[in-house]
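Down below is the structure, laid out as structure tokens.
Order of appearance sets the numbers: ligands from 1, and atoms from 1 within every ligand.
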Amino acid sequence: VQMSSSPPGSLSDTASKAMSSPVASPVTPSNGVYHYQPPFNILEAKSHMNQTCQAMEEGLSLTSHYVDVKVSQREILCSGKNTNKSLDKEMVLIGNMDQRKSLMGCSLNGNKCYILLLGNTGMGKTTLIRKLCLDWSRGCIPQFDFVFLLDGKALTLKEPNHSLQTLLLNSSSFAPSCMDPEAVYTQILAASKRVLIIFDGFDEVRDYETLLQTQEKDLMTSLQKDTNGQIYTIRQLYSAILQRVLLPGCTLLLSTRPRGTANQLLRRTDSLVEMYGFNPKDVETYLSRYFTDPALRESALDYLKKSSFLHLLCWNPGLCRLACLVLEQAKSLAELPRTLTGLCHQVLCQKLERDNGITHLKTEVQTEISLSSLAWEGVKANSSILPAGRTISDKLRALGHRTGFNVLHFLFLFVFLSFSFTRTVTDRIFQQNLPFQSGPKWRRRSHREELELAQRFTVGLLFNNRTELQRLHSYTDTASRDIVNSKQALLRTHLESLSHDDLSPAQVLEACHHVYEASFTCSDGNVDIASTTLVAHLAVNLPEVVTFHGVPLNPSDVFTVQNVLDRGRSEGRSFSLDLEDSVLQLSGLRALVALNNINTYRASIADVITLWEELEQSGEEELLQGSVSKFKIHPLRATQVCHIEHLAKLVNIHMQKKLSDSSLSLHQSLCIPMHLLIVSLSYFSLENSKVGDKGAEKLADVLVSLCNLEILNLSQNCIGDQGVTKLLPTLRDLPKLHCLSLYSNVISDKGAESLAVILPHMRSLIELDVKYNKLTDVGAQSLGASLRNCKKMKTLRMWNQCIPYGVFEWLQQQDNRIEWH
Ligand SMILES: Nc1ncnc2c1ncn2[C@@H]1O[C@H](COP(=O)(O)OP(=O)(O)OP(=O)(O)O)[C@@H](O)[C@H]1O
């Protein structure tokens, strides 16, 4: 990740060598030019940071194991209409090809003051942040003299015992001891532009949202005054930093998982950066760093490539690390886990066995509170933190640490869930916590990644090998069999009674995962018949159009979906797939499109074209032909200007009858279905897509081909007179266009006059909307006059504040055939 444009061996390092003692002012005038003077011994702070940030986890260090991942900048769509913004929706979802284009590295160039780093569990946010700190300590980010890494988990500390000074100098990743904290603090305040504060460890966006809520006025005034000796809670201080009450000039970097609503946060954020995990090459790099012995490395890589699902799970760096742990021990390919549950189960057993933990754990369970009830309490409270008020022995706590719950959240959950098949989890509680529940409580909770993972593990474990399960608790064989049997039956009834047509796209994906975990977790290779009927049941009952619209599909998601759809083939089913806004990799798109029981599919046009090009290059004619003929764009939902460009490219392919300029052959036959799809398009909406005048010009080229277009919605797009003038000749030639919306653009009288000239030639037009543009009475009257020659026109929406009501009434009297709004 390129964090800065300046070379290592930076200004601040050089300067700091010369300035090892604190100076009174960081900025001193000399000859009228201000030279920045670093305030204290930066080298000492950097050396401390270097040590604290190096270690990733047991035996791994950033220097030896870090894989340079790319991050992607995402656009924020602020329509301003939605008061309860969900982060997932408000960020512009981009297809794989656009994603690649935006892999440009995260530039902390000082202009971006509020940066949000997004990524799901295990995607490497903390690791990236540590690398950033390490880079700073090595002088690669010279624009910051102070970097403070603050822990989100500290929010749970309720006691008011910090001032800003002690928070930064004692509770962050900063130097362990400061010779003259007062002086350093003064420097920090005076040079807040050279301060980077990083918040890591919050579970989700919601945590930040709550910190942005308005605080009491007295408290804010007191914080602003920053009176010496005054102390606050961590929450108050975090909140004041995020609300720019404290250190207003500093740069903020917040890391979080992307779930939850983020109304206020999105408004403040300057830059949104997302982590996409490892690509196949990164996985190889990781393995080659993890396995230093060449023979071991080769066999691990070979095993991994042969275990499809495990290989795909490595897309998540956290899971890649777990995969390496099992690869390290695997003696044969057959031993490798085939599900997420299997992977976590093996890692857990490995860790427990190494620490001789099973014995401890069994004793603990018998003498202490039951771990299973703790697990369910945690899941029910949506928390991975051990429930407060419970007395948990130090031994158990230490075991939790050893098994990695501080490192990998889900592993921790797994430890506890392994015990959920005990009597303390009654059938009623078990049923209440099964997936796909409805009701307001669940609507809120169902967004929780932890809960979904817990449910997935539960299903996987239930169908796991009995002896494996028994390794983790001390029940007798019969008792454990009864418990598992009764819970398996409950789960089966639950899954089979689902109304599949009512499942949301995300729930369909979850269902695919559940049945996959149930079918393939069992490590002895004996696939349980009951669990495979779950796959068949889902495949038979899925609706004909399976949509994952707007649900990002990672490589392992694609695998489980493919598993169910493919099973549908043997059950005589075929499907239409909606993969629009599913942000899936090309390999995933290819895998799904290649299924021969897929009738049609929709996906990002740019990704689809790239797939075709790849198939053409690799000479896979049959697959190319299939993927062209199955592709469907109708009804087209274009929401960004780049979608117009992609559509233009598609039209171009159709016109030229070849995929690219370098294509040798024409694909006459391949172009026919595409041609039909494009020209059959009747509805085209680009509402609120920042089209602008430039986009309008590109759009005009595309619209030429859409001769069946009936409805065109271009509302809220900043299209002005120039843009509308470019569009008009094309609009005039669309023979079927009966509804045109240019609502809420910036068209003024000049544009309205051009429109008035063209209107009588748009013979099918029935409804025109130019409401909330910049027309005055002049433009309104031009349009009004033109309407007399528009035979079919029935409705004109044109009102805005600049048109006097009298003009409106007058127009109405002139032509009462038209409905005026
Ligand atoms: N770039 C990387 N290079 C090497 N290993 C990585 C990288 N990113 C992540 N990892 C591995 O994945 C593990 C999980 O990563 P990390 O803790 O940074 O994820 P996270 O996004 O912060 O997760 P959470 O949201 O659960 O806190 C790390 O402990 C490390 O082993």
- Contact region, D200 to ligand 1, non-hydrogen atoms below 4.0 Å, reads neither

- N/O to N/O below 3.5 Å, does that happen between T126 and ligand 1? yes

- Does any N or O atom in G124 lie less than 3.5 angstrom from one in ligand 1, N or O only? yes

- Could you list the atoms of ligand 1 found under 4.0 angstrom from a heavy atom of G318? 12 (O), 13 (C), 14 (C)

- Query: Quick one: which ligand 1 atoms are inside 4.0 Å of a heavy atom on M123?
  - Reply: 19 (O), 21 (O)

- Kindly state whether the ring of Y516 and the ring of F559 have centres lying under 6.0 angstrom apart. yes

- Note on the structure: The reported gap from NZ in K125 to CG in L253 (rounded to nearest 0.5 angstrom) is 12.0 Å

pair [X]-[Y]: side-chain heavy atoms closer than 4.5 Å:
X	Y	result
N50	Q54	yes
K305	E284	yes
V147	I141	no

- Message: Does E328, at its CD atom, have more than 12 non-hydrogen atoms belonging to other residues, nucleotides or ligands within less than 6.0 Å?
- Response: yes

- Task: Would you check whether G122 reaches within less than 4.0 Å of ligand 1, judged by its heavy atoms?
- Result: yes

- Look at ligand 1 and say whether N120 reaches it with a heavy atom at a distance under 4.0 Å. yes

- Of M275, H65, K125, M56, the one whose closest heavy atom lies nearest atom 20 (P) of ligand 1 is K125

